[in-house]
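All heavy atoms count here, side chains included; hydrogens, waters and symmetry mates do not. Note that the structure is predicted; figures quoted are calculated from it, not measured.
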Amino acid sequence: MSVPLYQAKAELFRTLGHPVRIRVLELLQDGPKPVRDLLAAIEVEASNLSQQLAVLRRAGMVTSHRDGPLVMYALSTPDVADLLAAGRRILGAVLTDRDALLDELRATSGDR
């Protein structure tokens, strides 16, 4: 039995709902990286990073392969980077709108 599209989308966004996962995806936008580099950049326990990488792998957002002694991770598709860019644009628009509203409130603080 297949999952409804809206449910699959919700699961995708749940996968993005963890700061370590977002940071991993951001770091992988520049190309594949070994786990040790991810660990150094994110500064979390190795077990925590391993758990988050497993979640991203199961969701199909990253791939992994061995390169000698190193385990390398990469984005599974450039669309993941596009999704992160869209998130930044949306966040920027939301924060800009809030700043504009805050400015308006400050400008009219004496008015009732």
Side-chain angles (χ1 to χ4, degrees):
M1 183 166 79
S2 67
V3 174
L5 182 57
Y6 64 86
Q7 189 172 340
K9 286 180 183 178
E11 195 59 40
L12 172 72
F13 285 107
R14 269 193 290 279
T15 299
L16 296 173
H18 194 285
V20 171
R21 291 182 216 143
I22 294 292
R23 187 67 183 125
V24 165
L25 296 174
E26 288 174 344
L27 291 168
L28 294 177
Q29 289 181 99
D30 297 330
K33 297 214 179 340
V35 172
R36 69 172 185 216
D37 290 2
L38 295 172
L39 198 53
I42 300 174
E43 299 180 3
V44 296
E45 294 290 326
S47 60
N48 186 357
L49 180 60
S50 179
Q51 288 175 333
Q52 303 312 324
L53 287 168
V55 170
L56 291 169
R57 263 193 331 270
R58 281 193 304 271
M61 299 188 87
V62 300
T63 60
S64 65
H65 70 277
R66 281 207 171 272
D67 185 6
L70 302 175
V71 178
M72 303 291 292
Y73 280 85
L75 296 180
S76 61
T77 172
D79 292 334
V80 175
D82 294 344
L83 180 60
L84 292 173
R88 282 191 298 276
R89 287 191 306 274
I90 292 166
L91 187 57
V94 168
L95 294 178
T96 299
D97 288 348
R98 289 183 184 164
D99 287 345
L101 180 58
L102 185 57
D103 289 344
E104 185 179 334
L105 285 170
R106 286 182 180 148
T108 61
S109 62
D111 299 340
R112 290 203 172 218

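- For the pair Ser76 and Gly60, the tightest heavy-atom approach, listed with the atom from each and the gap, is OG-O, 2.6 Å.
- A 4.5 Å side-chain heavy-atom check between Leu38 and Leu53 finds at least one atom pair inside the cut-off.
- At least one side-chain heavy atom of Leu16 sits under 4.5 Å from a side-chain heavy atom of Leu83.
- Taking CG of Asp79 as the start and CE of Met61 as the end, the distance is 10.0 Å to the nearest 0.5 Å.
- Of all the heavy atoms in Tyr73 and Leu28, the pair that sits closest is O-CD2, 3.3 Å.
- Transitive grouping of hydrophobic side chains (ILVMFWY, heavy atoms separated by less than 4.5 Å) brings Ile22 and Phe13 into a common cluster.
- A chain of hydrophobic side-chain contacts below 4.5 Å, direct or via other Ile, Leu, Val, Met, Phe, Trp or Tyr residues, connects Ile42 to Val71.
- The backbone N or O of Gly92 sits less than 3.5 Å from a side-chain atom of Thr96, completing a donor-acceptor pair.
- Closest approach of Thr63 and Leu75 over heavy atoms only: OG1-O, 4.5 Å.
- Here the CE atom belonging to Met72 is positioned 12.0 Å from the CZ atom belonging to Arg66, to the nearest 0.5 angstrom.
- Annotation: side chain of Gln52 is not in contact with side chain of Val24 (no heavy-atom distance under 4.5 Å).
- Taking every heavy atom of both residues into account, Leu39 and Ala46 meet most closely at CD1-CA, 3.8 Å.
- Between Leu27 and Asp37 the shortest side-chain heavy-atom distance does not fall below 4.5 Å.
- A distance of 14.0 Å separates CZ of Arg98 from CG of Asp103, quoted to the nearest 0.5 Å.
- Criterion: ILVMFWY side-chain heavy atoms under 4.5 Å apart, direct or through other members. Under it, Leu12 and Leu56 are part of a common hydrophobic cluster.
- Annotation for Arg57: atom CZ counts as buried by contact number, over 12 foreign heavy atoms lying within 6.0 Å.
- Put simply, the side chain of Gln51 does not reach to within 4.5 Å of the side chain of Val20, judged on heavy atoms.
- Follow the hydrophobic side-chain contacts under 4.5 Å out from Leu25 and you reach Val44 in the same cluster.
- Between the CG atom of Leu84 and the CD atom of Glu26 there is a distance of 6.5 Å, given to the nearest 0.5 Å.
- Judged by distance alone, the side chain of Arg21 and the main-chain N or O of Thr15 form a donor-acceptor pair under 3.5 Å.
- Looking only at side-chain heavy atoms (C-beta outward), Asp82 and Thr77 stay at 4.5 Å or farther from each other.
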